[in-house]
Amino acid sequence: MKEADTAMPRILVCFGTRPEAIKMFPVVHALREHGGMDVRVAVTAQHREILDQVLQVGGIVPDIDLDLMRPDQSLDELAARILTTFGKALDEWQPARVLVHGDTLTTMMVTLSSYFRKIPVGHVEAGLRSGNIYSPWPEEVNRKVAGAISDLHFAPTDGAAAALRAENVPQSAIHVTGNTVIDALFATRDKVADEPALASGLDMVAARFAGKRIIALTAHRRENFGQGMQDIAQAISDLATRNDVAVIFPVHPNPNVRPVMEAALGGRENIALIEPLDYPHFVRLMEMADLLLTDSGGVQEEGPSFGKPVLVMRDTTERPEGITAGTARLVGTDRALIVREATRLLDDRDAYNAMARAHNPYGDGKASRRIARAVAAAHGVGTPR
Ligand code: UDP
């Protein structure tokens, strides 16, 4: 790591997975653009390849890379490894503040490690709650622990801020900023519009499926492993019996996902099982799609910005804004329900149009700048005019 600038407060931004990297790269750039702070990035690399895809596209070179991913590691192995190795990094660099994101195991363990050293933590995407500690699991508890310890809470929406207040977080510690995923999405969409070659890897599959209605699919949630994944695969298999439909599915590399999907869906003419896409390609896929079918958190936030109906393959969501606005619907992993709701959207124009309204309940693309200003202010750094 390059030498610290002793005159400026040191801010260490930490994350470990693809979605955190997507949502934190705009924050890192905003902090650096703000100035007056020595900003470094530490990654646990809880995901490896799919994290590296984002680092590259987001223009982030980590100062500390703990490289902790191991094949099919258990939650307690990973938690223990993050805690012991990350602590050493904190001791070495002694930041004035740590910034974490969301609800991963990295988020929780980095927050704990900072707490053990009395280093204040800022939590980006704070206040999301499903009210059920087993759905999403273990994310609901990961984010509650981060919320209990942080002294700066960057809530993406008013609803998230209200959830924090209900847990007695003082109003003065809460900043409603919007979700930084919209910053990442807008920046990447504009980049792809300027430079289509950034997402041209989808041209062949788009040509293969020309004239068909495209369903873009992602599935990776831990609580859907096992029967849930089987049911999702069967629902997709049912939907793909239609000639007018094609499914494009970047398959998560997790060993609880990939073999199930390959066994159930491999070799089908109108299903493309493809490698995970880098962010510009995934943004392009969302633009191309008629319908998004997902158990992801981030995709639920991104879909409404493109006016794409989102069927959420989960029983609960901590992102109710899309449901309330009518652009997202919970369908769980119920095979019949997934098929019924997708079929309704494919066959009923009015039902489709009612869900396909572009709106941005999750942010305006300026969340990262608000976060940078609040972090700077907390450390006595003025905002340049
Ligand atoms: N995403 C991506 N490539 C893919 C699938 C998803 O870049 O092949 C992006 C997607 O746009 C979203 C994020 O990854 O921003 C979601 O990540 P994931 O579904 O792994 O996690 P979650 O959002 O559920 O935490």
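Both counts, for ligands and for their atoms, begin at 1 and track the order of listing. Predicted model, so just to flag it, every value in this text is computed and none were measured.
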* Structure fact -> Correct closest heavy-atom pair for F15 and L55 would be CE1-CD2, 3.8 Å
* Under a 4.0 Å N-O cut-off, is there an ion pair linking E125 with R143? -> no
* Using heavy-atom distances, let me know which of D103, V283, L277 sits nearest atom 8 (O) of ligand 1. => L277
* Structure fact -> The closest protein heavy-atom partner of atom 25 (O) of ligand 1 is P19 CG, 3.4 Å
* Test the R189-F186 pair against the cation-pi criterion, namely NZ or CZ under 6.0 angstrom from the six-membered ring centroid and within 45° of the ring axis. => yes
* Closest approach of any protein heavy atom to atom 23 (O) of ligand 1, naming residue and atom -> G298 N, 2.7 Å
* Asked: Would Q234 and S237 count as having a side-chain donor-acceptor pair, cut-off 3.5 Å?
  -> no
* Asked: Can you find a pair of side-chain heavy atoms, one from L293 and one from I236, that are under 4.5 Å apart?
  -> yes
* Contact partition for H220 relative to ligand 1, non-hydrogen atoms under 4.0 Å -> side chain
* Asked: At a 4.0 Å threshold, what atoms of ligand 1 neighbour a non-hydrogen atom of R221?
  -> 24 (O)
* Structure fact -> Counting from 1 in the order shown, the ligand 1 atoms closer than 4.0 Å to a non-hydrogen atom of S296 are 16 (C), 18 (P), 19 (O), 22 (P), 23 (O), 24 (O)
* ligand 1 atoms in contact with P276 (distance to a heavy atom under 4.0 Å) -> 8 (O)
* To do: Note the single closest protein heavy atom to atom 22 (P) of ligand 1, along with its residue, its atom name and the distance in Å.
  => G297 N, 3.5 Å
* **Contact atoms of ligand 1, heavy-atom distance to P250 under 4.0 Å** => 8 (O)
* Asked: Do the charged groups of R329 and E341 touch, with an N to O distance under 4.0 Å?
  -> yes
* Asked: Would you call D65 and R48 a salt bridge, taking side-chain N to carboxylate O under 4.0 Å as the test?
  -> yes
* Structure fact -> Among non-hydrogen protein atoms, atom 13 (C) of ligand 1 lies closest to I22 CD1, 3.8 Å
* Structure fact -> At under 4.0 Å between heavy atoms, what of F282 touches ligand 1? The answer is side chain
* Asked: Is it the side chain, the backbone, both or neither of R18 that has a heavy atom closer than 4.0 Å to ligand 1?
  -> side chain
* Is any side-chain N of the basic residue among D238 and R335 closer than 4.0 Å to the acidic one's carboxylate O? -> yes
* Salt bridge flag under 4.0 Å for residues D347 and R213 -> no
* Per atom 11 (O) of ligand 1, closest listed option by heavy atom (E139, R314, E302) -> E302
